[in-house]
Amino acid sequence: MIDRKVIIYPSAEVLQEALAARFLLKISDRLAKHQRVDVALTGGTDGIALLRAVGESPLSAAVDWSRVHLWWGDERFVPADDPDRNALQAREAWFGKLVEDGVMPESHIHEMPADDRDDEARMTATEDENYDAVTQAAKAYEKEIVKALGKKQAFDIALFGVGPDGHFASLFPNHPALRSKDKKTRVIGITDSPKMPPMRISLTVPFIRSCRRVWVFASTPRKAEAVGKALAGTNNPQVPSSFAGGAKETLWLLDKDSAANL
C-alpha cells in the first residue's frame, strides 16, 4: 500500500508557486546534508508551468545549483531540436539561463537520448527498427543513471504530471510495463504510445518507487476524473498514475479543480 498525502490549493497559480517553493526548499535542505541532489523533471503543461515558477521564485537564489543534477522521468523520442522534447521546453522555460549564467554545469543536465537518425531513416524505418532504436536509447540512459548514481541508485525527488487519461511518465493505461516487478530495468523504450508521438522513453514503476520523494501534481477540471480514479485505489492498470509512489514520501499536489472528484 502506498502512503499518499494529498494537498489541495485554491488555484493552478497558487499550486505552481507553492510547489516551486517546496521543490527549492527541499533541494536546499538536502544539500545541507549531502554533496549532491538528483531530481527528475517532467514535461507537459503543468510541468513546464512549474519550471517557470521555479525560475521566477526568489528562493532559487538560495540553491547551490552547481551541486544539483537534472534528469527526466520520460521523454519523446524525437530529434534533439524537436519542440516536443521535454528537455528542450524545460531548458527554454527554466534551467537554460542557469547554464548560460554559469550557475549550473551543462554536464549536470542528463537529457534522455534523442532520435539521431536522419529524416529518411526515420520515415522508412520498420516497426522492428523503431523498437531497436528506442530500446537502445533507453539502455543508454539506464547506463548513465547507474554510472552517475553509483550505490545510491535513486533520485532524491521525482516530479510527475498526470494526463487526462491517468497516465504518468510515459506509462499509459494498461501498458504491460505497469505490472513489471523487474527492479534491474530502470528505463524502457515505448513504440506504441496512444498519445503522439508514439515513440517515447520512460522510467519504470519499480525505479520510480525507489526514488526518495515522488511528487505528482495536476491542475484544471480536465484532470479531475483521472485524479479521482488514481486516488481511489492503487496499482490500477487502467489509471497508471495510481502506481506512483516514493520510497520515503508520496505527495499529490492539486488545485481545487483537479481535485473536484475526490
Side-chain angles (χ1 to χ4, degrees), residues 38-44 47 69-91 109-149 153-155 158-163 165-211 214 216 235 237-245:
D38 293 87
V39 299
L41 306 180
T42 187
H69 289 250
L70 303 181
W71 302 82
W72 271 264
D74 74 312
E75 184 58 277
R76 283 93 165 181
F77 190 61
V78 292
D81 60 353
D82 192 302
D84 279 343
R85 288 268 297 173
N86 288 334
L88 183 59
Q89 294 176 15
R91 185 179 292 271
I109 312 301
H110 304 274
E111 297 183 10
M112 287 183 164
D115 188 348
D116 60 4
R117 297 175 295 178
D118 61 37
D119 291 342
E120 182 178 356
R122 284 195 303 274
M123 292 294 292
T124 60
T126 65
E127 185 174 331
D128 285 344
E129 287 172 337
N130 281 334
Y131 175 82
D132 289 342
V134 75
T135 298
Q136 289 304 312
K139 288 181 178 178
Y141 201 62
E142 180 172 290
K143 185 177 180 180
E144 185 174 355
I145 290 173
V146 172
K147 181 179 179 180
L149 299 186
Q153 291 303 303
F155 298 141
L159 304 171
F160 295 99
V162 179
D165 61 354
H167 84 267
F168 81 126
S170 278
L171 300 171
F172 290 87
N174 298 309
H175 195 286
L178 290 167
R179 291 295 192 184
S180 175
K181 300 294 193 297
D182 179 9
K183 294 183 178 181
K184 293 183 179 180
T185 300
R186 301 163 181 83
V187 189
I188 57 171
I190 293 169
T191 58
D192 57 353
S193 164
K195 182 179 179 181
M196 293 297 289
M199 297 177 65
R200 294 164 178 252
I201 302 171
S202 180
L203 299 183
T204 63
V205 168
F207 182 68
I208 291 169
R209 287 182 170 178
S210 75
C211 297
V214 170
V216 184
N235 302 341
Q238 295 182 4
V239 192
S241 51
S242 68
F243 284 80

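- In this structure, OG on S193 lies 8.5 Å from CZ on R76, to the nearest 0.5 angstrom.
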side-chain contact (heavy atoms from CB on, under 4.5 Å) between R91 and R85: does it pass, once the steps are laid out? CA-CA 10 Å; R91 185 179 292 271; R85 288 268 297 173; over 6 Å; no
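- A donor-acceptor pair under 3.5 Å is formed between the side chain of S242 and the backbone N or O of V239.
- Between the side chains of T185 and D182, at least one donor N or O sits under 3.5 Å from an acceptor N or O.
- Looking only at side-chain heavy atoms (C-beta outward), R179 and P237 come within less than 4.5 Å of each other.
- Looking at every heavy atom in both residues, I190 comes nearest to H175 through CG1-NE2, 4.0 Å.
- For the pair D115 and R117, the salt-bridge criterion is met [side-chain N within less than 4.0 Å of a carboxylate O].
- When the options T42, V187, N86 are evaluated for a side chain to side chain contact (heavy atoms under 4.5 Å, CB included) with W72, the one that passes is N86.
- The nearest pair of heavy atoms linking Q153 to I145 is NE2-O, 4.2 Å.
- Residue C211 holds its SG atom at 9.5 Å from CG of D38, rounded to the nearest 0.5 Å.
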What verdict does the side-chain contact (heavy atoms from CB on, under 4.5 Å) test give for L70 and V39, after you've listed the backbone C-alpha separation in whole Å, the side-chain angles of each residue and the deciding distance to 0.1 Å? CA-CA 5 Å; L70 303 181; V39 299; 3.4 Å; yes
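- Taking both residues in full, the closest heavy atoms of G189 and A138 are given as N-CB, 3.6 Å, listed atom of the first, atom of the second, then distance.
- Between P113 and Y141 there is a side-chain heavy-atom pair separated by less than 4.5 Å.
- In this structure, the side chain of T126 engages the main chain of E129 through a donor-acceptor pair within 3.5 Å.
- Atom-to-atom distance recorded for E127:CD and T191:OG1 is 6.0 Å, nearest 0.5 angstrom.
- Under the ring pair (Phe, Tyr, Trp, His ring centres under 6.0 Å) criterion, F155 pairs with W71, F207, not counting sequence neighbours.
- Among all heavy-atom pairs drawn from E75 and A87, the shortest one is OE2-N, 2.9 Å.
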Checking V134 against I201 for the side-chain contact (heavy atoms from CB on, under 4.5 Å) test, could you report, in this order, the C-alpha distance in whole Å, the side-chain angles of both residues, the deciding distance, and whether it holds? CA-CA 7 Å; V134 75; I201 302 171; 4.0 Å; yes
Determine whether V205 and L178 satisfy the following criterion, side-chain contact (heavy atoms from CB on, under 4.5 Å), listing intermediate values before the conclusion. CA-CA 6 Å; V205 168; L178 290 167; 4.1 Å; yes
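- Rounding to the nearest 0.5 Å gives a distance of 10.0 Å between CD of E144 and CE of M112.
- A salt bridge is defined here as a Lys NZ or Arg NE, NH1 or NH2 lying under 4.0 Å from an Asp or Glu carboxylate O, and D119 with R122 meets this definition.
- How far NZ of K195 is from CG of D165: 7.5 Å, rounded to the nearest 0.5 Å.
- Smallest separation of non-hydrogen atoms from F172 and P240: C-CG, 3.4 Å.
- Residue-environment remark: CD (Q238) stays at or below the threshold of 12 foreign heavy atoms within 6.0 Å.
- Side chains of D82 and L88 form no contact here, defined as non-hydrogen atoms less than 4.5 Å apart.
- Here the straight-line distance linking atom NZ of K139 with atom NZ of K143 works out to 11.5 Å at 0.5 Å rounding.
- A donor-acceptor pair is defined here as one N or O able to donate and one able to accept, closer than 3.5 Å; no such pair exists between the side chain of S202 and the backbone of D74.
- Between H69 and H110, some side-chain heavy-atom pair lies under the 4.5 Å cut-off.
- In terms of modelled atom types and a separation under 3.5 Å, the side chain of R200 and the main chain of P197 share a donor-acceptor contact.
- Closest non-hydrogen pair, T204 versus I188, comes out as CG2-CG2, 3.6 Å.
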